[in-house]
Peer 1: 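First the structure, then my questions, so here it is.
Small disclaimer: the values here were computed from a predicted structure and weren't measured. So that the names make sense, note that chain A is the first sequence line, chain B the second, and so on, each numbered from 1. Only this structure's heavy atoms are used, side chains among them; waters, hydrogens and symmetry mates stay out.
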Amino acid sequence: MAFFNFRLQPKNELEKGGRTAAPVQSDASEPEKKCPNCHKETPISELAGNLNVCTCGYHFRMNSRQRISYLVDKGSFEELFADVDYSNPIDFPGYNEKIESAKSLSKEKEGVICGTAKVGGEECCIFAMEPYFMMGSMGTAVGEKITSLFEYATEHKMSVVGFTVSGGARMQEGLFSLLQMAKTSGAVKRHSDAGLFYLTVLTDPTTGGVTASFAMEGDIIIAEPSATVGFAGARVIEQTTKKALPKGFQTSEFLMKHGFVDAIVSRPKQRTVIRHLLKIHDRREKA
Amino acid sequence: MKTEAYDKVRTARSNSRPTSMDYIHHIFDVFFELHGDRKFADDGAVVGGIGILNELPVTVVSIEKGRSVKERMARSFGAPQPEGYRKALRLMKQAEKFGRPVICLIDTSGAFCGIGAEERGQGQAIADNLMEMMTLKTPVISVFVGEGGSGGALALAVADRVWMLENAVYSVISPEGCASILWKDSSKASEAAEVLKLTAEDSYDNGLIEKVISEGDIGEEAFYDRLKWELIWELEKLREKPLDQLLEERYQKFRKVGEPVQNNGQ
Ligand SMILES: [Zn+2]
């Protein structure tokens with residue numbers, strides 16, 4: 001019995017979905033990227049045509065817009081809460097300057113983008129965290145946008161697909177940022193209690209306060225291969241315990257082995273998997 | 001440089017300061033300790049059970065650092081493992097079932113940092129508590145009695161009322177950790193403590209907690225009594241609220257933290 005066939009050829013899937021080639025928003029000035037796994041150098045445009053995956057299977061980091069444009073049906077993404085801006089609630093020294101440089105590096109206003117989209121015709125709410133904005137750290141703006149998205153999804157009986165990448169809570173906003181963990185978790189809980197579906201996709205790296213909140217709260221949690229996912233930082237653990245870390249510690253594979261991830265899904269297969277899971281969990285017609 | 005904020009951090013961490021167990025023994029007429037998470041182990045860093053507070057049975061969940069060196073080792077110096085958070089949640093769900101209010105006492109530098117803690121899902125355990133506490137169908141009061149270190153403290157602080165003792169601290173990151181990230185110099189912890197706004201007074205002024213409990217202005221016994229009666233009176237008020245209203249207010253309290261273009265807190 002074929003349940004759903006995750007072994008579909010990714011290229012066919014690409015054509016079926018009608019996606020365009022993703023816009024190349026280069027995050028570095030060099031025209032080639034060297035793979036840390038196989039050391040091969042690949043032109044950025046060629047990588048972009050292959051979902052930012054090296055021929056050896058290594059998944060390069062990806063900015064949030066690129067990720068969404070790779071995944072969703074062409075032209076279907078409608079951004080929500082784009083105006084939410086950062087705040088400096090404890091007047092942290094140097095924070096305003098840090099934000100300005102993050103904005104110019106990432107061309108984004110904050111560490112996550114949210115909206116609605118279709119994946120192979122399946123409507124959903126979607127968020128993608130932004131690695132080039134202070135490593136997707138969660139301050140009040142990120143917390144507010146994610147909370148608002150879950151509230152929107154609850155109101156409209158929609159599923160949520162969330163791509164996490166984060167260094168954790170954003171230190172520069174003090175306790176305000178820590179409490180975003182509670183705030184987002186509350187909104188996820190209400191969404192869940194309404195019988196609605198939340199799919200988390202863990203990408204490299206997902207750590208700290210995001211791991212200890214909405215990243216681990218999905219009904220189904222999938223992860224990209226070899227992504228770093230954990231709560232405490234590996235180096236901190238090594239220094240504190242003075243023990244050698246086991247091989248593959250805090251990778252997606254490690255998490256799956258220990259029972260915290262449902263499946264590891266490589267980037268070319270994600271669209272198919274996500275479309276199927278959205279279809280299975282669509283609640284709107286039954287309402 | 002020495003700062004007032006860092007003095008508070010030192011006081012909060014001081015070995016001579018009462019620990020959660022001291023509060024438990026002074027505040028509750030009876031305390032029956034309940035062990036284990038029913039899944040893996042009994043984490044000594046989390047002490048929980050049923051207490052009688054002025055004739056009212058309540059569930060108590062606390063993070064305990066321990067006293068003697070031996071006890072402190074056994075309690076991982078108050079740094080809970082995932083099973084500590086799962087024990088806490090088990091007891092809170094039990095409280096919900098039997099309609100007992102929950103009182104959490106928090107004193108931790110943070111969740112345990114180790115290989116085993118990661119293998120057993122430290123992040124997942126904390127996340128689960130945050131979700132479940134938000135909709136726990138019984139009143140919850142959390143009191144920071146010493147250190148409140150990051151997510152490991154928040155995991156017991158999604159409550160209807162969050163209070164801090166005057167010399168308790170509550171922070172997203174330790175001052176040492178902040179200093180080493182910010183200035184690559186952990187000896188600048190004192191400066192970091194100042195900018196993090198981690199004192200009880202800061203948290204109150206920022207509208208992130210509901211009450212600061214004074215200490216030191218009266219004797220030890222009188223101080224325990226003060227906290228005891230604050231809890232009794234507050235629970236009386238919370239128990240009168242219809243459940244829907246209680247849960248909606250709890251949600252909104254956290255919901256409005258950091259909302260744009262609005263004043264912080266209430
Ligand atoms: Zn490669």
Peer 1: Would you indicate whether the side-chain heavy atoms of A:Ile237 and B:Ile115 approach each other to under 4.5 Å?
Peer 2: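 SC-SC contact between B:Ile115 and A:Ile237 confirmed.
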Peer 1: If I take atom CE from residue B:Met131 and atom CE from residue A:Met216, how far apart are they, to the nearest 0.5 angstrom?
Peer 2: 13.0 Å
Peer 1: Looking only at heavy atoms and a cut-off of under 4.5 Å, which of A:His258, A:Arg190, A:Glu238 has the most pairs with chain B?
Peer 2: A:Arg190
Peer 1: With a 4.5 angstrom heavy-atom cut-off, is it the side chain or the backbone of B:Ser150 that approaches chain A, or both, or neither?
Peer 2: both
Peer 1: Which bit of A:Glu173 comes within less than 4.5 Å of chain B, counting heavy atoms only: side chain, backbone, both or neither?
Peer 2: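 Contact with chain B: none, neither part.
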Peer 1: Any chance you could measure B:Gln252, atom CD, to A:Lys183, atom NZ, to the nearest 0.5 Å?
Peer 2: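 Atom-to-atom, B:Gln252:CD and A:Lys183:NZ are 10.5 Å apart.
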Peer 1: Given a strict heavy-atom distance threshold of 4.5 Å, which part of A:Glu151 is in contact with chain B: side chain, backbone, both, or neither?
Peer 2: side chain
Peer 1: Could you tell me whether the side chain of A:Phe231 reaches within less than 4.5 Å of the side chain of B:Pro82, counting heavy atoms only?
Peer 2: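 In short, these two side chains do not touch, never coming nearer than 4.5 Å.
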Peer 1: Might you point out which heavy atoms bring B:Leu182 and A:Met171 nearest each other, and give the distance in Å?
Peer 2: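 Taking every non-hydrogen atom into account, CD1-CE, 3.8 Å.
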Peer 1: Is it the case that atom CD in A:Glu78 sees more than 12 heavy atoms from other parts of the structure closer than 6.0 Å?
Peer 2: no
Peer 1: Can you tell which part of A:Ala141 gets under 4.5 Å to a heavy atom of chain B, answering side chain, backbone, both or neither?
Peer 2: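 Looking at A:Ala141, nothing touches chain B.
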Peer 1: Could you tell me whether A:Lys98 atom NZ has more than 12 heavy atoms of other residues or ligands within 6.0 Å of it?
Peer 2: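 12 or below, so no.
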Peer 1: Out of B:Ala153, B:Cys178, B:Ala157, B:Ser203, which one racks up the most heavy-atom pairs below 4.5 Å with chain A?
Peer 2: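 Maximum pair count with chain A is reached by B:Cys178.
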Peer 1: Relative to chain B, which segment of A:Thr241 carries a heavy atom at a distance below 4.5 Å: side chain, backbone, both, or neither?
Peer 2: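 For A:Thr241, side-chain heavy atoms alone lie under 4.5 Å from chain B.
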Peer 1: Just give me the residue among B:Arg120, B:Arg250, B:Met133 that pairs up with chain A most often, heavy atom to heavy atom, under 4.5 Å.
Peer 2: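 Going by pairs under 4.5 Å, I would pick B:Arg120.
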Peer 1: Given 3.5 Å as the limit, does a donor-acceptor pair link the side chain of B:Glu118 with the main chain of A:Ala232, or not?
Peer 2: yes
Peer 1: With only heavy atoms counted, which part of A:Asp83 is less than 4.5 Å from chain B, the side chain, the backbone, both or neither?
Peer 2: neither
Peer 1: Restricting to side chain to side chain contact (heavy atoms under 4.5 Å, CB included), what partner residues turn up for A:Met135, sequence neighbours left out?
Peer 2: A:Arg61, A:Pro131, A:Val165, A:Pro205
Peer 1: Do you know the tightest heavy-atom contact between A:Leu178 and B:Gly151?
Peer 2: CD1-N, 3.5 Å
Peer 1: Which distance, rounded to the nearest 0.5 Å, do you find between the OG of A:Ser213 and the CG of B:Leu154?
Peer 2: 9.0 Å
Peer 1: Write down the atom of B:Ile126, the atom of A:Met181, and the distance for their closest heavy-atom approach.
Peer 2: CG2-CE, 4.4 Å
Peer 1: Roughly how far apart are B:Tyr170 OH and A:Leu179 CG, rounded to 0.5 Å?
Peer 2: 5.0 Å
Peer 1: Does B:Met134 offer a backbone N or O that forms a donor-acceptor pair with the side chain of A:Lys189 under 3.5 Å?
Peer 2: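 No, because the side chain of A:Lys189 does not come within donor-acceptor range (under 3.5 Å) of the backbone of B:Met134.
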Peer 1: Please classify the contact of B:Val195 with chain A as side chain, backbone, both or neither, using a heavy-atom distance under 4.5 Å.
Peer 2: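 Contact with chain A involves both backbone and side-chain atoms of B:Val195.
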Peer 1: What part of B:Leu198 lies closer than 4.5 angstrom to a heavy atom of chain A: side chain, backbone, both or neither?
Peer 2: neither
Peer 1: Are any of the side-chain nitrogens in B:Arg255 or A:Glu144 under 4.0 Å away from the carboxylate oxygens of its partner?
Peer 2: yes
Peer 1: Would one find more than 12 heavy atoms of other residues, nucleotides or ligands at under 6.0 Å from atom CD of B:Glu201?
Peer 2: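 Result for CD/B:Glu201: open.
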Peer 1: Minimum heavy-atom separation for A:Thr240 to B:Cys113, with atom names?
Peer 2: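 Here A:Thr240 and B:Cys113 meet closest at OG1-SG, 3.9 Å.
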Peer 1: With a 3.5 Å distance limit and no angle check, can you tell me whether B:Glu119 reaches the backbone of A:Phe254 through a side-chain donor-acceptor pair?
Peer 2: no
Peer 1: Name the region of A:Ser148, side chain, backbone, both or neither, that has any atom closer than 4.5 Å to a heavy atom of chain B.
Peer 2: both
Peer 1: Give the minimum heavy-atom separation between A:Ala182 and B:Phe254, together with the two atoms involved.
Peer 2: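 In terms of heavy atoms, the two residues are closest at CB-CD2, 3.7 Å.
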